[in-house]
Amino acid sequence: MPHDSYDPHTIEPKWQEIWDKRQAFKTPSDPDELAGKPKFYVLDMFPYPSGAGLHVGHPEGYTATDVIARMKRMQGFNVLHPMGWDAFGLPAERAAVREGLHPADITRRNVDTFRRQIKRLGFSYDWDREISTASADYYRWTQWIFLQLYNRGLAYMADVPVNWCPALGTVLANEEVKDGRYVETGDPVERRLMRQWMLKITVYAERLLEDLEGLDWPESVKEMQRNWIGKSRGADVVFRIADSDRDFTVFTTRPDTLFGATYCVFSPEHPLVAAITTEERRAAVEDYVTAAAQKSDLDRTDLAKSKTGVFTGASAVNPVNGERIPIWVADYVLMGYGTGAIMAVPGHDERDHEFARAFDLPIIEVVSGSDKPIEEAAFTDNQDGVMVNSTGADGLSLDGLRVPDAIARITAWLEERGLGTGRIQYRLRDWLFSRQRYWGEPFPIVHTDDGEVVALDESWLPVGLPAIDEYRPTEDGRPPLARAGDDWLKVALPDGRIANRETNTMPQWAGSCWYYLRFIDPHNESEPWSKQLENYWMPIDLYVGGVEHAVLHLLYARFWHKVLYDCGWVSTKEPFQKLFNQGMILAYSYRDSNGKYYLPSDVEVREDGTATLRATGEALESQIEKMSKSKLNVVNPDDVIAEYGADSMRLYELFMGPLEVQKPWQMKGVEGVYRFLQRTWRLVVDEKAGGLNPRLTDAPSSSEPELERTLHKTIKKAASDTESLQMNTGIAQMMIFVNEATTAETLPRATVTTFLRLLSPYAPHLSEELWHRLGEPDLIAHADWPQYDETLCIDETITVVVQINGKKRDELQVAKDTDRGEIERLALASPNALKHMEGKKPKKVVVVPGRLVNIVV
RNA sequence: GCCGGAGUGGCGGAAUGGCAGACGCAGCGGACUCAAAAUCCGCCUGGGGCAACUCAGUGAGGGUUCGAAUCCCUCCUCCGGCACCA
């Protein structure tokens, strides 16, 4: 039994304690101390500390950023690498109701679990900068930022149709609702008109779109944001209502098709509907509008298959030709986009076409080029089609023009006559910013009895959360904060008036919109952060997290950042210069024929891949799925660490495959990297005899020239693969080195210590221990990153492949600097090549130096 | 329906115009051992061959090229996002 084998359970706590004691990863907070070194700000998307604790998916991104942080530190950067908690949120509030505790207690308990689990992995966070969005000295500044928004006119209250979730007793943002259900829980959501806080993110639509250009983000995430912002160019066109002095405006991206407009449609919520409806049609229209109002989004989506609508009895006058066209009401037109009214061109819009067919409305072709009759299908091409049937009064004719030219012509014509204007429309809507919840930031706002909204002065912050007995809405439907006593609810204003506090709270996104700025200066009591430090650290050089935040968090945070930029509080237009999404980690799950799941520990997986239940031998179905409690396939990092240690856990997280893809967790894979670390251990330690490996020598690295070459190749590849987050191949190269070192005759110490520095960001505990045993006095975490010698990265002799007609037939060993002609001569003379040329003359010879020769015959 | 991304051994994956399968897992054979575990060495895409070697092969089909997993076209499958946005 070896008495000095690799034992992560001894060395990992030991080094974590030493790092802690020496404050090895403390980032200076004094600007003078920071000066003179380049900076690197590497940030994880901070977690919501749920009650379930960590699973192995969480540390994937954290491990990647930690490796980068450690490497950058060794490369001489000041590194900012913090961790904190997105601590407000609904689950804690619900757990509080369930357990009869305060949400703050639930949150504290969950944070303690998360922190303990994260610390066991040996991450080099500067824990002095830990923040929680739910602590008053943090949310004080969230409230302060809200005041900046309010004072710039970017926050307002409005009666808006909201997504009300009865099960949760709160409104939700549009983004939190999909197919009429809350995306997190699946509870149904209905539409209600309520007075709510809104943020004018739409003012920033163009900048949010434009500034995506310069960001080093995954193209897919940029595209998702672009789609969400949804910019379209078009025109507003004014239609007069026949036999009336009223008019209305529609937005269209195809003003060129105005001659093809055969009817107009109002959204059921359009304010003019009641006014224009004729008496004969009133009952039918009112029925339709009422029915539409009662429909949830879910119903409206479900009914999308066939179009419904009702005629108002009124007509509109087409401004280009004076023709009267009927006005309908239909719920396929949305009040929330454009003007809530459209001109319908069934010949050239699929939705209008479907509606016209359903209600037997006329279809006119105004763009030619379709290969089907216009009655059969709308022709929607907007590039090559040529205008027809488009001549009206006033000398206007679009006939013969191609669509883009027609759009320009008609827009100019409308503008000249005051009948319309070219306009850009965004799909993005203002951000619904209030929630009827307890566990969130209170607004720094009070309401006077006469209805005035008063923003509190900065000096009154923070507005703390009051103690209340129940975390439910009041009986009359007001938010939970309305349950607070008058000592909290009533506020005496400086002018003597008594006002009532706002009882809505902010959504969970608020705290995560600016946490990256607080990390820069987390203990500042007089300002949200120091501008000098902000100027040093921003922007974030690498931001890593899940793709589920591609739109919401990242768009909201960018919006706040731009507001803060306009206020002069931040120095960069964008907060996150480089974004990286790690892929989800999946796991095998096992299910019987009734769909019941079993724990992997109760399952026997045989060589051929089939699975059976250990107790009964029953055959089970195995599949790879997202980890979830109900599928009994959650892998807890605590268990992995207990068996293999944190270093193996870290290494496997990154060795599994490319960081950005989904991949299944396989325990056998952890064993593989564990064996690699054991082999590394044995390079330094003589397990049986104790002490150092006798093969270690004080001779220079060049005394083992082959190993030295491999070392330099490894330095090169490990550094570049780490930098580019291709850590799986970087680790593979380190394995190649260790395999070779294992069989080398001697091990020059310099070779080993150089290698350990490369390994140390990945397996920091093991590397510290071996570094120490090799007599190095300082921490490896503070050592210099090794440099490679390019000349040692190229082998003295290289293998050149000889191909005949693209097929490999032979290979040559040649000196690395052999010239083209010589290589060609050798190739043409190689025995196997000659055999396959069958005496034919080479037609062409392609020589790729250092790689191959292709002989074409 | 529209917009992205991906399909490579038994498995995770490598190679992004130049030797397909690096590295790891699993498996097989060997050494060590009384034995086992651990460790070390070797084999490990499929077909044919005693072997040297040879034929086929990166979802399917076609193309460009001296040369294609990689570039282009058509199609299939899977994953993600959006979905009456006028």
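Letters A, B, ... are given to chains in the order of the sequence lines, protein chains preceding strands, and every chain is numbered from 1. Side-chain atoms are counted along with the backbone in the values below, which use heavy atoms only and exclude waters and symmetry mates.
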Practice task
For A/Ile624 and for A/Thr339, locate the closest nucleotide of RNA chain B by heavy-atom distance; then report the residue assigned to the nucleotide nearer the 5' terminus.
Solution key: A/Ile624
Handout entry: Rounded distance in Å - CD (A/Gln623) to C1' (B/C11)
Key = 17 Å
Show me the donor-acceptor pairs, under 3.5 Å and distance only, between side chains in residues 334-343 of chain A and residues at least two apart or in other chains.
unit_1   : atom_1 : unit_2   : atom_2 : d
A/Tyr337 : OH     : A/Ser232 : OG     : 3.1
A/Thr339 : OG1    : A/Thr249 : O      : 2.6
A/Thr339 : OG1    : A/Ala341 : N      : 3.4
A/Thr339 : OG1    : A/Ala341 : O      : 3.2

Problem - Residue list, side-chain contact (heavy atoms from CB on, under 4.5 Å) with A/Arg357, at least two apart or on another chain - result: A/His353, A/Ile363
Using OP1 and OP2 only, check whether a side-chain N or O of [X] sits under 4.0 Å from [N].
X	N	value
A/Ser232	B/A86	yes
A/Arg809	B/C53	no
A/Asn805	B/G67	no
A/Lys844	B/C66	yes
A/Arg675	B/A38	no

Problem - Nearest non-hydrogen partners of A/Met45 and A/His549, listed with the distance - result: SD-ND1, 3.4 Å
Holding to side chain to side chain donor-acceptor pair (under 3.5 Å), I want the full list of residues that pass it with [X], two or more places apart in sequence or in another chain.
X	result
A/Thr799	A/Gln813
A/Thr262	none
A/Glu811	A/Lys808

Exercise for the section: Based on the glycosidic angle (syn within 90° of 0, else anti), state the conformation of B/G9. Expected result: syn
Fill in the blank from the handout: The nucleotide from B/U39, B/C55, B/G13 with an atom nearest the side chain of A/Pro658 is B/G13
Exercise for the section: In whole angstrom, give me the gap between the P atoms of B/A69 and B/A60. Expected result: 12 Å
Problem - B/C19 versus B/A68 - spacing of their C1' atoms, nearest Å - result: 14 Å
Practice task
Indicate, with a heavy-atom threshold strictly under 4.0 Å, whether A/Gln803 touches base, sugar-phosphate, or nothing.
Solution key: base
Handout entry: Watson-Crick and G-U pairing of RNA chain B, under 3.5 Å, as dot-bracket with | and [ ]
Key = (((((((..(((.....[....))).(((((.......))))).((((....))))..(((((..]....))))))))))))....
